[in-house]
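Quick one: the structure is below, questions incoming.
Throughout, protein chains are lettered first and strands after them, A, B, ... in sequence-line order, and every chain is numbered starting at 1. We use all heavy atoms of the structure for the numbers below, so side chains are in, but hydrogens, waters and symmetry mates are not.
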Amino acid sequence: MAPDLLKVAQAMKRTHHCNELRPAHIGQTVTLCGWVHSRRDLGGLIFIDIRDREGRTQTVFDPSALAAELFNKAASLRSESVIRVTGVVRQRPAGTTNSKIVTGEVEIVATELEILNMAAVLPFPVDDPEVAAKVNEELRLQYRYLDLRRPEMMRNLRLRSKLAIALRQYFDDNGFLEVETPTLFKSTPEGAREFIVPSRTNPGQFFALPQSPQQFKQILMVAGVERYFQLARCYRDEDLRADRQPEFTQVDLEMSFIDREDIYNLMEGLLKKLWKVALDIDIPTPFPRVPFAEIMNRYGIDKPDTRFGMELVDFTEEFRASTFKVFSGTIAAGGVIKALNAKGLACATQGQIETMTEYAKSFGAKGLAFIKVEKGEWKSPIVKFFSAAEKEALTKKLAIEEGDLILFAADQWLNACEILGKIRLYCAEVLKTSGKLTIPPHQFNFLWVVDFPLLSFDKEMNRWYSSHHPFTSPVVEDIPLLLTDPKKVRGQHYDVVVNGVELGGGSIRIHQPELQKTIFEQVLQIPPDVTQARFGYMLEAFKYGAPPHGGIALGFDRLVAILCGTPSIRDVIAFPKTAKGTCLMTQSPANVDARQLRDLHIELKLAKKPVEVEVKPQATPPVPPTK
RNA sequence: GGGGGUGUAGCUCAAUUGGUUAGAGCGUUGCCCUGUCACGGCAAAGGUUACGGGUUCGAGCCCCGCCACUCCCGCCA
């Protein structure tokens, strides 16, 4: 490059970021680049706050020291225009420093201003954090590039990047290889609904986007990689939630020659590091390891929030011979009685109780028995059936006090637990809103849920299916029960849970082809030809020396969301989809032209006419009249 | 697939029981202003009340339909 061009190019560049200037820089000539955060035009003096990714700095345009042309240029600037300002750093006059920003002791007396790009009038404000945070999410997603300029969103992106780098470093330190696996994969209809991709070169055939790199990572173990990890993009064509997107990122890993404890230790080390990096919090390890049956008994959900009590208590023995037939009858039919004490919720209105009852019914409960403890009395339609001994047992085991609300579930064990588990969470929400339950913002209760049942029974189909996936290894001593008592077989599966959120799960896998074949054909009753078509390549691979192995996957988006303190993973994904799976910014999905379909040998047969993509009128403010 | 919530000016929100010309703050535009940082002052523009029907003398408000966003259930091996 010619020397003069090089000089121009260097003059283009900033000398500092907008968070850097301090009294130590006074007297220096500096250049800043960024966006017009705000402009305060006092007529004879203009202040412009310039903002970049790092922070904000005040610049001053003083007509006594400037060409009129430059001053007018500054006066014409609109919010969010892109500028480059050169000037001299000086101390702010006494009494005009701004303690709210780190550069608040100094300002730049502008000597040059270049407008790199004028911005149109904004569809929503990005400079006022309070207003911006309330803006309709639809609008934020449509103009995501403006939304991401907000410091809060930029902070989320930055933390996400920091965490990704920290975990890569952690895995490298622990001897892992990062391997990328294909996203054009094969349909495996056993799991979640998949996104299907037609193959042009193989008419009538389809790829599927992977729900996880599960099979590839196991084959990498057969390949002798020994320790693999990946920040893997995964796809599921299911309905969305605040914590679910159709494409999402998993921290995926697999190790050979290990057992469950090795996974626990590795992940505890990782999470310890990430919490330190993000929040400077030392989380205690090891995490409790609690069997599934105990978790269900105590919390009624497999991802319990243990930051508050209100645990479920069993009263099956106490009510076995009760004169209250609803309870004793349920027990006689093989069911259980569970209760929970919603501390301080006796104030619940009739309406709230009804809401809870309806809620319980929506999960299959027949009703929801309750006792309100008010003014020393037990107010309840059922308490008249209870004997003194039964009342005493309740008082003792539930530690009943004035102001409590006791709720009961009578059903088969798992149903009773699950119903009361949902009610427990509902009560916690009510107590939180009324200020009777407060949870410190930086409390993190981690735990491992272990010993899940390997198999679940599908009544409609009258067959067993894998609780997780068919490659999960049974607990070794339970293998003999596979064909005799499948219900009792525990899987070597584990979930890591924090504050009621399932952060991830994994398992030790089956590495013996014979056992895998038994599970597929005899336990799951998948016909051999189907097994062969779907998983033949895996069974084949496992014939040539598969090491014992296991792994886990963490939901990276959820992890980042928790560390950013946001309830929605959309806030930590740069370009998320809406609840209907569309992208408001790019207006996708969209129609394709007939020729593309013809190339793919696809013909559309739609019940309804394809909805013509309505070209939304851009929410642009009226164009101001020209001067 | 089912249930709940929301939709009024560019943005955030009001609008009493269905009743006059649908208001406010911010933003925008014009004028004034040399120490502001939520700058200030004066003035102005800006509305198919998401959309389509219906009831009514009269609908932002009631009814039916529909669309979008959102939360939850189902679903997510």
For atom CG of A:Leu77 and atom P of B:C37, their distance in whole Å: 20 Å
Contacts of A:Glu502 that satisfy side chain to side chain contact (heavy atoms under 4.5 Å, CB included) - sequence neighbours left out: A:Lys303, A:Asp495, A:Arg558
Pull out every protein N or O sitting under 3.5 Å from an N or O of nucleotides 1-8 of chain B, one pair per line with the distance.
unit_1: B:G1; atom_1: O6; unit_2: A:Asp239; atom_2: OD2; d: 3.3

Electrostatic pair A:Lys577-A:Glu247, nearest N-O below 4.0 angstrom: yes
Pairing partner of B:U6 (Watson-Crick or G-U wobble, both distances under 3.5 Å): B:A68
Sequence neighbours excluded - salt bridge (charged side-chain N to carboxylate O under 4.0 Å, His left out) pairs with any residue from residues 418-427 of chain A: none
More than 12 heavy atoms of other groups within 6.0 Å of A:Glu20 CD: yes
Atom-to-atom span, CZ of A:Arg149 to C1' of B:C11 - whole angstrom: 16 Å
Nearest-angstrom distance, P atom, B:A43 to B:A50: 32 Å
B:C42 and B:U6, which share atom name C1', separated by this distance in whole Å: 38 Å
Lys/Arg-Asp/Glu bridge criterion (N-O < 4.0 Å) met for A:Arg463, A:Asp458: no
Side-chain N,O (A:Arg78) to OP1/OP2 (B:U29) below 4.0 Å: yes
For atom CG of A:Leu139 and atom P of B:A50, their distance in whole Å: 16 Å
Evaluation steps, side chain to side chain contact (heavy atoms under 4.5 Å, CB included), between A:Ser81 and A:Met118: CA-CA 5 Å; A:Ser81 297; A:Met118 192 66 110; 3.2 Å; yes
Between B:G30 and B:C67 - C1' atom distance, rounded Å: 39 Å
Presence of A:Thr578 side-chain N/O under 4.0 Å of B:C69 phosphate oxygens OP1/OP2: yes
B:C11 and B:G47, which share atom name C1', separated by this distance in whole Å: 15 Å
B:C69 phosphate, OP1 or OP2, under 4.0 Å from A:Thr582 side-chain N/O: yes
Complement of B:U17, any strand, by Watson-Crick or G-U distances under 3.5 angstrom: none
Can you give me the N/O atom pairs linking the protein to nucleotides 38-40 of chain B at distances under 3.5 Å, or say none if there are none?
unit_1: B:A38; atom_1: OP2; unit_2: A:Lys100; atom_2: NZ; d: 2.9
unit_1: B:C39; atom_1: N4; unit_2: A:Asp41; atom_2: O; d: 2.5

Base-pairing mate for B:U36 - Watson-Crick or G-U, with both contacts under 3.5 Å: none
Base B:C76 paired with A:Arg244 side chain (donor-acceptor, <3.5 Å): yes
Inter-nucleotide P distance (B:G18, B:C62), Å rounded: 8 Å
Stepwise salt bridge (charged side-chain N to carboxylate O under 4.0 Å, His left out) test for A:Glu107 and A:Arg90: CA-CA 6 Å; A:Glu107 61 191 8; A:Arg90 89 174 165 201; 3.0 Å; yes
Electrostatic pair A:Glu80-A:Arg51, nearest N-O below 4.0 angstrom: yes
Between B:U36 (P) and A:Asp62 (CG): distance, integer Å: 15 Å
Donor-acceptor pair under 3.5 Å, A:Gln58 side chain vs B:U36 base: yes
Sugar-phosphate, base or nothing in reach of A:Arg90, heavy atoms under 4.0 Å: base
Nearest-Å distance for atom pair OH/C1', residues A:Tyr359 and B:G74: 13 Å
Rounded distance (Å) that lies between atom P of B:C69 and atom CG of A:Asp147: 16 Å
Sub-4.5 Å side-chain heavy-atom contact between A:Trp464 and A:Gln525: no
Complementary nucleotide for B:A44 - Watson-Crick or wobble, under 3.5 Å: B:U28
Under-3.5 Å donor-acceptor pair between A:Glu238 side chain and B:G74 base: no
Those residues that, when tested against A:Phe520, pass ring-ring contact (aromatic ring centres under 6.0 Å, His included) (two or more places apart): A:Phe535
N or O in side chain of A:Lys134 less than 4.0 angstrom from B:C11 OP1/OP2: no
Closest nucleotide among B:C71, B:U36, B:U12 to the A:Asn136 side chain: B:U12
Spacing of the C1' atoms in B:C66 and B:G7 (rounded, Å): 14 Å
Separation of atom CZ in A:Arg140 from atom P in B:C11, rounded to whole Å: 15 Å
P-based separation of B:U55 from B:A14 [nearest Å]: 31 Å
Separation of B:U70 C1' from A:Glu137 CD (nearest whole Å): 8 Å
Sugar-phosphate only, base, or nothing, as touched by A:Ser467 at under 4.0 Å among non-hydrogen atoms: sugar-phosphate
Whether A:His469 and A:Phe471 hold their rings parallel, tilted or perpendicular, with breakpoints at 30° and 60°: tilted
Proximity to the side chain of A:Phe47 - top-ranked nucleotide from B:U29, B:G35, B:A68: B:G35
Pair listing, salt bridge (charged side-chain N to carboxylate O under 4.0 Å, His left out) test, anchored in residues 57-69 of chain A, at least two apart: none
Sugar-phosphate, base or nothing in reach of A:Glu502, heavy atoms under 4.0 Å: nothing
Given B:C72, B:U70, B:G35, the nucleotide with the shortest approach to the side chain of A:Leu141: B:U70
A:Arg570 vs A:Asp147, salt bridge (charged side-chain N to carboxylate O under 4.0 Å, His left out): CA-CA, chis, key distance, verdict: CA-CA 12 Å; A:Arg570 291 189 297 274; A:Asp147 191 34; over 6 Å; no
Which residue lies more 5' along RNA chain B, comparing A:Pro125 with A:Arg92 via nearest heavy atoms: A:Pro125
Residue whose nearest RNA chain B nucleotide is more 5′ - A:Arg193 or A:Arg570: A:Arg570
Pairwise C1' distance for B:A68 and B:C76, with rounding to whole Å: 24 Å
